[in-house]
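Written below as structure tokens is the structure these notes are about.
The basis for the numbers below is simple: all heavy atoms, side chains too, and nothing from hydrogens, waters or symmetry mates. Reminder, nothing fancy here: chain letters follow the sequence lines and each chain counts from 1.
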There are 2 protein chains.
Amino acid sequence: MMDMPAPSLDDMLCFAVYSANHAFNRVYKPMLDRLGLTYPQFLAMMCLWQQDGQTVGQIGDRLFLESSTLTPLLKRLEAQGLLTRRRDHTDERVVRLHLTPAGLAMRDSLPELQACILEASGMTLEGMGDLTRQVAALRDHLRLPA
Amino acid sequence: MMDMPAPSLDDMLCFAVYSANHAFNRVYKPMLDRLGLTYPQFLAMMCLWQQDGQTVGQIGDRLFLESSTLTPLLKRLEAQGLLTRRRDHTDERVVRLHLTPAGLAMRDSLPELQACILEASGMTLEGMGDLTRQVAALRDHLRLPA
DNA sequence: ATCATATAAATCGTGCGCGATATGGTCGCA
DNA sequence: TGCGACCATATCGCGCACGATTTATATGAT
């Protein structure tokens, strides 16, 4: 029987994804620094720009994050004056998030941000859309129960 | 002039990569738990399985990580008895990493690990190789100086 | 009405990841 | 010989991310 050759890091999809994620982080950082956001905070803001008034759990479902990650992150956004956190009147277990005017206004920086990312990626819009779908499909398959 | 439509999270390559990375982490976790490794620790071990005796800086170049990340991680691997950290005799600034027999033996788990990942990804080997190259090319382009 | 179960967030401890800085070693050049 | 520039690693503080647990609220069965 032939053994499979031991794969090197460069052949491993998981490492490509791991290192590409870090590379994105580094590209975003200087731009987000000027907004006073971290990258995960930016993703949470994206959720709320898309739909205001979501709960912590809904943001978690969207971003695939636990409340143990989100609660402190959202408190920091609240401390920055970008959103409010209030218990829902009809279900006191739930915390609803609402953008402040400052939080909403920050959305205006999005187009420029997107343009920078597109340029840094060195891809076309179509190429990005295509790769996005492939990677999202991989993610969704990995998330299936074993 | 028409504005670009504000993209949602699902259209963003950065989020696809971010969430796919977390999804990989979650797939690896139960398997790595049995080895007593974290995912970044596993990546460091991959480097050393490929070439023993590398320096901290070489591992950092390979994984795109800083010494501030690697030093504590490598100390934990040393504490587990998987490798040794020794200053180089000819250049005392440099720390060289050498696998112990236990660290080397752990490599035997690799093939099974790879097989599990392949299955969890729901892809063919060719499909994985193809996507790996696309994502690595993206990473390398993002790493170019602006 | 009561109590068991379930659910949503929050809290805690550990490890990763970075930027800024510190420490100590090397090398070239006066 | 000694000093200044550079270099490799280590340390520190902050924020993310998780699993395990806790707290508070809601729901359902009897």
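- Rounding to whole angstrom units, CZ of residue A:R86 and C1' of C:dA9 are separated by 17 Å.
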Can you give me every donor-acceptor pair (side chain of residues 43-54 of chain B, partner residue at least two apart or in another chain, under 3.5 Å) with its distance?
{"unit_1": "B:W49", "atom_1": "NE1", "unit_2": "B:G103", "atom_2": "O", "d": "2.9"}
{"unit_1": "B:D52", "atom_1": "OD1", "unit_2": "B:L99", "atom_2": "N", "d": "2.8"}
{"unit_1": "B:Q54", "atom_1": "NE2", "unit_2": "B:C47", "atom_2": "O", "d": "3.0"}
{"unit_1": "B:Q54", "atom_1": "NE2", "unit_2": "B:Q51", "atom_2": "O", "d": "3.0"}

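- Under the salt bridge (Lys or Arg N to Asp or Glu O under 4.0 Å) criterion, A:D140 pairs with no residue, sequence neighbours left out.
- For A:P40, counting side-chain heavy atoms from C-beta on, the closest listed nucleotide (C:dA9, D:dA10, D:dA17) is D:dA17.
- Going from atom CG of A:L32 over to atom P of D:dG15 covers 15 Å, rounded to whole Å.
- When the C1' atom of D:dG15 is taken as reference, atom OH of A:Y28 falls 19 Å away, rounded to whole Å.
- Of the residues in residues 42-70 of chain A, those placing a heavy atom less than 4.0 Å from an atom of DNA chain D are A:F64, A:L65, A:E66, A:S68, A:T69, in numerical order.
- The two residues A:S121 and B:L138 make their nearest non-hydrogen contact at CB-CD1, 3.8 Å.
- For B:Y28 and B:F42, the ring centers sit closer than 6.0 Å to each other.
- With D:dG19, C:dA10, C:dA8 as the choices, the nucleotide that has an atom nearest any side-chain atom of A:V94 turns out to be C:dA8.
- When each of A:L73 and A:D91 is assigned the nucleotide of DNA chain D bearing its nearest heavy atom, the one mapping closer to the 5' terminus is A:L73.
- Side-chain N/O atoms of B:K75 include none lying less than 4.0 angstrom from OP1 or OP2 on D:dT9.
- With respect to the salt-bridge test (charged N to carboxylate O, under 4.0 angstrom), the residues B:D11 and A:R133 do not qualify.
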Atom pairs, N/O to N/O, protein against nucleotides 4-7 of chain C, distance under 3.5 Å?
{"unit_1": "C:dT7", "atom_1": "O2", "unit_2": "A:R93", "atom_2": "NH1", "d": "3.3"}

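- Per the geometry, CG belonging to B:D33 stands 16 Å off P belonging to C:dT14, to the nearest Å.
- Rounded to an integer number of Å, the gap from B:N25 CG to C:dG17 P is 8 Å.
- Between the side chain of B:T71 and the main chain of B:S68, no donor-acceptor pair closer than 3.5 Å is present.
- Here A:R96 lies out of heavy-atom contact (under 4.0 Å) with every strand.
- Across residues 15-23 of chain A, A:Y18, A:H22 each have a non-hydrogen atom less than 4.0 Å from an atom of DNA chain C (numbered order).
- Distance check: A:L63 CG to A:L70 CG gives 6.5 Å after rounding to the nearest 0.5 Å.
- Rounded to a whole Å, the CG atom of A:L37 is 16 Å from the C1' atom of D:dC14.
- Every pair passing salt bridge (Lys or Arg N to Asp or Glu O under 4.0 Å) that includes a residue from residues 90-100 of chain A is listed here, sequence neighbours excluded: A:D88-A:R96, A:D91-A:R93.
- Checked by atom type and distance alone, the side chain of A:E112 never pairs as donor or acceptor with a backbone atom of A:S109 at under 3.5 Å.
- Toward the 5′ end of DNA chain C lies the nearest nucleotide of A:P72, the other residue of the pair A:R26 and A:P72 mapping further downstream.
- Going from atom CD of B:E92 over to atom C1' of D:dT9 covers 12 Å, rounded to whole Å.
- With rounding to whole Å, B:L74 atom CG is found 11 Å from D:dT9 atom C1'.
- B:L9 is connected to A:L142 through a chain of hydrophobic side-chain contacts under 4.5 Å among Ile, Leu, Val, Met, Phe, Trp and Tyr, so both are in one cluster.
- By the 4.5 Å heavy-atom criterion applied to side chains, B:R139 and A:F24 are not counted as neighbours.
- Under the 4.5 Å side-chain heavy-atom criterion for ILVMFWY residues, a single connected hydrophobic cluster contains both A:Y18 and B:L35.
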